[in-house]
**Q** 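Pasting a structure here, questions to come.
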Amino acid sequence: MNASKPVGESYDIRLAGRQLTVVHNGTKVLDKVEVEGLTALAESADEAGPRPFVIQGDHSMSRSRALL
């Protein structure tokens with residue numbers, strides 16, 4: 001799969017605890033994958049608990065539709 005995103009493509013990214021699910025243009029590409037180790041923006045080793053939500057861009061314009 002080509003992960004580069006032309007205008008109009010969409011991602012649905014869900015992180016629940018340490019389980020990650022990613023849907024790209026309606027196709028599930030990751031399903032409840034366990035995230036191991038610290039993520040890039042971790043504040044502590046206990047990052048499975050409630051933490052601030054951060055969006056990291058790719059240095060170009062992006063839009064978000066819904067943050068729940």
**Q** Looking at every non-hydrogen atom in both residues, tell me the closest pair between Val29 and His24 and how far apart they are.
**A** CG1-CB, 4.4 Å
**Q** Show the nearest heavy-atom pair for residues Arg18 and Glu36, with the distance to one decimal.
**A**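 Scanning both residues, the minimum pair turns out to be NH2-C, 3.8 Å.
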**Q** Going by the salt bridge (charged side-chain N to carboxylate O under 4.0 Å, His left out) test, which pairs reach into residues 19-31, not counting sequence neighbours?
**A**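 Listed once each, the pairs are Lys28-Asp31.
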**Q** Can you list everything that forms a side chain to side chain contact (heavy atoms under 4.5 Å, CB included) with Leu30? Sequence neighbours excluded, please.
**A** Leu20, Val22, Val33
**Q** Is the backbone of Lys32 close enough, under 3.5 Å, to the side chain of Thr21 for a donor and an acceptor to pair up by distance?
**A**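 Checked: pair present.
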**Q** If hydrophobic clusters are built from ILVMFWY residues whose side chains come within less than 4.5 Å, do Val35 and Tyr11 share one?
**A** yes
